[in-house]
Amino acid sequence: MNSTEQSSAVGSSDVNGKRRGWFKPLLALVVLLGTLAVGFLVGTDSMDPTQSEEYAALGVEKSAVEGERDAFEEARDEVRQELDEYRTETETREAELAERSDELDSRSKALDERKEELDESDAALAEREKAVGKAEDEKEANTVSNGVWTIGVDIKAGTYRSDAPVSSDCYWAVLKTGTNGDIIDNDIPGGGRPSVTVGKGQDLELSRCGTWTKQ
């Protein structure tokens, strides 16, 4: 072997020796890391998550949320019940008001009808009073008593009769109008209900004979 070959062999031997020197520690490190990783994985797989503080905190929070939810649902149900009761009460009240309104309408209608009846009655009474007044006026106009009455001026022509039996001192006379008491007819009936007929151009004289009315 020449010197060149010897030098190459020595260099190659040194390189191989250096490679074997750092490879063993690296291999040992890889094995160690692998062992640690396997141990970590095994330890993680074997841990119970329900025993952790985080799980316990979540459970407490979940219970609190559920409690709030239950309280909200209870309050909601109470509000719904109150709304249902209010709705029922409102419907009942509306029905009562509608019934009361119908009663008031019926009463108002009855009052209107009664008012119409009273108006008609008042009108009839007014007509009756008018007729009675007219009859009384006519009777008054056709009624005479003591005095001298000119036909066509003071009283109308016709037959006049005493309203009640006359006394024994009753005197009546039919006189000619415009004269100094020219007697056409006269009488002292002495009782009963005498009557006399007079016409235009005549006067009727009554003395102590009560009232006489035209027939």
Side-chain angles (χ1 to χ4, degrees), residues 76-215:
R76 179 198 60 192
D77 293 339
E78 291 178 356
V79 171
R80 286 180 176 175
Q81 184 177 358
E82 291 177 358
L83 287 175
D84 291 339
E85 293 175 355
Y86 177 77
R87 186 180 296 109
T88 301
E89 182 180 356
T90 300
E91 291 175 353
T92 302
R93 183 60 177 164
E94 288 178 350
E96 293 175 352
L97 290 175
E99 183 178 356
R100 179 60 176 166
S101 178
D102 292 340
E103 292 177 358
L104 291 175
D105 290 341
S106 299
R107 185 174 180 182
S108 177
K109 183 178 180 181
L111 289 175
D112 291 338
E113 293 176 353
R114 180 58 177 166
K115 184 178 181 298
E116 291 179 0
E117 292 176 357
L118 291 175
D119 291 341
E120 293 176 356
S121 178
D122 290 343
L125 181 59
E127 288 294 329
R128 183 177 179 182
E129 290 178 347
K130 183 178 180 180
V132 171
K134 183 178 180 181
E136 290 177 348
D137 292 342
E138 290 178 354
K139 182 178 181 181
E140 183 178 357
N142 294 321
T143 300
V144 294
S145 59
N146 292 336
V148 179
W149 308 87
T150 300
I151 311 304
V153 177
D154 299 322
I155 60 176
K156 295 179 181 180
T159 300
Y160 289 81
R161 186 181 183 188
S162 64
D163 294 337
V166 298
S167 63
S168 59
D169 58 352
C170 169
Y171 170 78
W172 64 264
V174 177
L175 308 174
K176 185 176 181 180
T177 302
T179 65
N180 193 20
D182 291 350
I183 297 175
I184 298 174
D185 191 9
N186 67 348
D187 190 18
I188 300 176
R193 293 182 60 194
S195 62
V196 61
T197 301
V198 291
K200 187 176 181 180
Q202 298 176 343
D203 295 340
L204 174 62
E205 180 182 355
L206 297 174
S207 179
R208 299 180 298 278
C209 295
T211 57
W212 292 42
T213 302
K214 183 177 181 295
Q215 304 300 301

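Atom set for the values below is all heavy atoms of this structure, side chains included, hydrogens, waters and symmetry mates excluded.
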**Salt-bridge contact Arg114-Glu117 (side-chain N to carboxylate O under 4.0 Å)** = yes
**Asked** With a 4.5 Å heavy-atom cut-off, do Pro194 and Val166 have their side chains touching?
**Response** yes
**Item:** Asp119 with Lys115: basic N within carboxylate O range, under 4.0 Å
**Value:** yes
**Item:** Straight-line distance of Asp163 CG to Trp212 CH2, nearest 0.5 Å
**Value:** 10.0 Å
**More than 12 heavy atoms from other groups under 6.0 Å of NZ on Lys156** = no
**Request:** Return the set of residues passing salt bridge (Lys or Arg N to Asp or Glu O under 4.0 Å) with Asp169 (not counting sequence neighbours), or none when no residue passes.
**Result:** Arg208
**Request:** Tell me, please, which residues at least two apart from Ile188 pass side-chain contact (heavy atoms from CB on, under 4.5 Å).
**Result:** Tyr171
**Asked** Under the 3.5 angstrom rule, does the side chain of Ser101 hit a backbone N or O of Leu97 as a donor-acceptor pair?
**Response** no
**Message:** So, taking the atom named NZ in Lys214 and the one named OG1 in Thr143, what distance separates them when rounded to the nearest 0.5 Å?
**Reply:** 11.0 Å
**Request:** Determine, step by step, whether Ile183 and Leu175 satisfy the side-chain contact (heavy atoms from CB on, under 4.5 Å) criterion, reporting the C-alpha distance in whole Å, the side-chain angles of both residues, the deciding distance to 0.1 Å, and the verdict.
**Result:** CA-CA 5 Å; Ile183 297 175; Leu175 308 174; 3.6 Å; yes
**Request:** Measure the shortest side-chain to side-chain distance between Lys134 and Lys130 over non-hydrogen atoms and say whether it is less than 4.5 angstrom.
**Result:** no
**Prompt:** For Glu89, does the CD atom sit with more than 12 other heavy atoms under 6.0 Å from it, leaving out its own atoms?
**Reply:** no
**Asked** Taking side chain as C-beta onward, heavy atoms only, is Tyr160 less than 4.5 Å from Leu206?
**Response** no
**Request:** Work out which heavy atom in Arg161 is nearest to a heavy atom in Gln215; give both atom names and the distance.
**Result:** CB-NE2, 3.6 Å
**Fill in**
Residues at least two apart in sequence or cross-chain that pass side-chain contact (heavy atoms from CB on, under 4.5 Å) with Lys176, listed by chain then number, are Thr179, Asp182, Ile184
**Asked** If you take all heavy atoms of Ser162 and Gly192, which pair is closest and at what distance?
**Response** OG-O, 4.1 Å
**Prompt:** In Å and rounded to the nearest 0.5 Å, what is the CG to OG distance from Asp112 to Ser108?
**Reply:** 4.5 Å
**Asked** Counting distance only, does the side-chain N/O of Thr177 pair as donor-acceptor with the main-chain N or O of Gly201 below 3.5 Å?
**Response** yes
**Request:** Sequence neighbours left out, what passes side-chain contact (heavy atoms from CB on, under 4.5 Å) with Arg100? Give chain and number order.
**Result:** Glu103, Leu104
**Glu140 atom CD, over 12 foreign heavy atoms within 6.0 Å** = no
**Message:** Could you check whether atom CZ of Arg107 has more than 12 heavy atoms from other residues, nucleotides or ligands sitting under 6.0 Å from it?
**Reply:** no
**N/O donor-acceptor pair under 3.5 Å between Thr88 side chain and Asp84 backbone** = yes
**Message:** Going by disulfide bond (SG atoms under 2.5 Å apart), name the pairs with one or both residues in residues 177-215, residues two or more places apart or in two chains.
**Reply:** Cys170-Cys209
**Request:** Over all heavy atoms of both residues, which pair between Asp154 and Val148 is shortest? Give the atoms and the distance, please.
**Result:** OD2-O, 4.1 Å
**Message:** Nearest 0.5 angstrom please: Asp122 CG to Glu120 CD, how far?
**Reply:** 10.0 Å
**Request:** Check whether the side chains of Thr213 and Asn142 place a donor and an acceptor atom closer than 3.5 Å, and report yes or no.
**Result:** no
**Asked** Residues two or more places apart in sequence or in another chain: which of them pass side-chain contact (heavy atoms from CB on, under 4.5 Å) with Glu78?
**Response** Glu74
